[in-house]
Amino acid sequence: QAYGSFAEAVQVRTKALGGNHPDVQRSKMKMAFIRLGCGDVSSAENLLLAVRDKFQMTLPYGHPQMAKAVNNLAIVAYHNADLSTSYGLLKQSRKLLEHWITSDKEACVASVTLSLVINNMAYVRFKQSLGIQSLHLLKEALQIQTRCLPEASPHTSVSKENISFLVGVS
């Protein structure tokens, strides 16, 4: 039922802004996560692939929204228990964000998004029983976060907790 209401809202937004508008595509990413939450992985993946394709046509290379779309595809691959594909997509998302940051466009926003992608990479590596790689990735993400976020930021707190957990496990 939530999906139907959200889909109607996206139709209204599409009429108002046009189907290629980034806000419409971001709404479709949210729709994909509703589908994923309902267990419809295939539908979620198809929506995210369409969003990624639209972003490729309308946004400059490396744009954080494009990186988020690729990151979200990695989450779907993870739900499909395809850790290799998931990690490959996360690496692709990371590359997009690193390009955006080095081109000095909204560097801090992209940096925080990059740190979240690296955190996701760490989670996948942990699930693949690669704890040392996971720990290095978490430390890298924390370094990025501390450059752009306040000390008490939820992102830095979670990264610190994850590092403490991994240090305690090893």
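Values below: every heavy atom of this structure, side chains too, minus hydrogens, waters and symmetry copies. It should be emphasised that the depicted structure is a prediction, and the values quoted were computed from it without experimental measurement. This chain uses plain numbering: 1 for the first residue, then up along the sequence.
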Inset, instruction - Indicate the atoms forming the closest heavy-atom contact of Phe55 with Gln65, along with that distance. - result: CE1-O, 3.4 Å

Inset, instruction - Can you measure from CZ (Arg94) to CD (Glu140) and round to the nearest 0.5 angstrom? - result: 4.0 Å

Inset, instruction - Check the surroundings of atom NZ in Lys160: do more than 12 heavy atoms from other residues, nucleotides or ligands lie under 6.0 Å from it? - result: yes

Legend entry - Nearest heavy atoms of Val24 and Thr14, plus distance in Å: CG1-OG1, 3.3 Å

Inset, instruction - Would you mind listing every ring pair (Phe, Tyr, Trp, His ring centres under 6.0 Å) that reaches into residues 126-159, with sequence neighbours excluded? - result: Phe126-Phe165

Legend entry - salt bridge (Lys or Arg N to Asp or Glu O under 4.0 Å) contacts touching residues 33-53 (sequence neighbours left out): Arg35-Asp40

Legend entry - Pairwise distance OG(Ser115) to CG(Leu137) - rounded to 0.5 angstrom: 12.0 Å

Inset, instruction - Taking the side chain as every heavy atom from C-beta outward, state whether Tyr123 and Tyr78 have any atom pair closer than 4.5 Å. - result: yes

Inset, instruction - Consider only side-chain N and O atoms of Asn120 and Asn71, and report whether a donor and an acceptor are under 3.5 Å apart. - result: yes

Legend entry - Gap between atom CZ of Phe33 and atom CG of Asn72 - 0.5 Å precision: 3.5 Å

Inset, instruction - Flag yes if Ile34 and Leu47 sit in one hydrophobic cluster, no otherwise; membership is Ile, Leu, Val, Met, Phe, Trp, Tyr, and two members link when side-chain heavy atoms are under 4.5 Å apart. - result: yes

Inset, instruction - Look up atom CG in Asn119 and atom CG in Leu90, then write down how far apart they are to the nearest 0.5 Å. - result: 10.5 Å

Legend entry - Nearest atoms (heavy-atom pairs only) where Gln145 meets Ser159: OE1-OG, 2.8 Å

Legend entry - Heavy-atom side-chain contact between Ile118 and Leu138 under 4.5 Å: no

Legend entry - ILVMFWY cluster, Val51 and Leu59 together (side-chain gap under 4.5 Å): yes

Legend entry - Nearest atoms (heavy-atom pairs only) where Ala44 meets Ala32: CB-O, 3.2 Å

Legend entry - Heavy-atom pair of closest approach, residues Ser27 and Val10: CB-CG2, 3.6 Å

Legend entry - Cluster link Leu116 to Val158, ILVMFWY, side chain under 4.5 Å: no

Inset, instruction - Output the distance between atom CG (Leu48) and atom OG (Ser43), rounded to the nearest 0.5 Å. - result: 9.5 Å

Inset, instruction - Give the cluster check for Met66 versus Tyr61: same hydrophobic cluster or not, with ILVMFWY residues linked at side-chain heavy-atom distances below 4.5 Å. - result: yes

Legend entry - Heavy-atom pair of closest approach, residues Ala74 and Ser86: O-OG, 2.9 Å

Inset, instruction - Spell out, yes or no, whether Leu49 and Leu96 are grouped together once hydrophobic residues are joined by side-chain heavy atoms under 4.5 Å, including indirect joins. - result: yes

Inset, instruction - Please assess Val112 against Ile144 for the test side chain to side chain contact (heavy atoms under 4.5 Å, CB included), listing each intermediate value before the final yes or no. - result: CA-CA 7 Å; Val112 171; Ile144 293 167; over 6 Å; no

Inset, instruction - Kindly compute the distance separating OG (Ser84) from CG (Asp82), expressed to the nearest 0.5 Å. - result: 6.0 Å

Legend entry - Side chain proximity check, Leu83 to Tyr87, heavy atoms < 4.5 angstrom: no

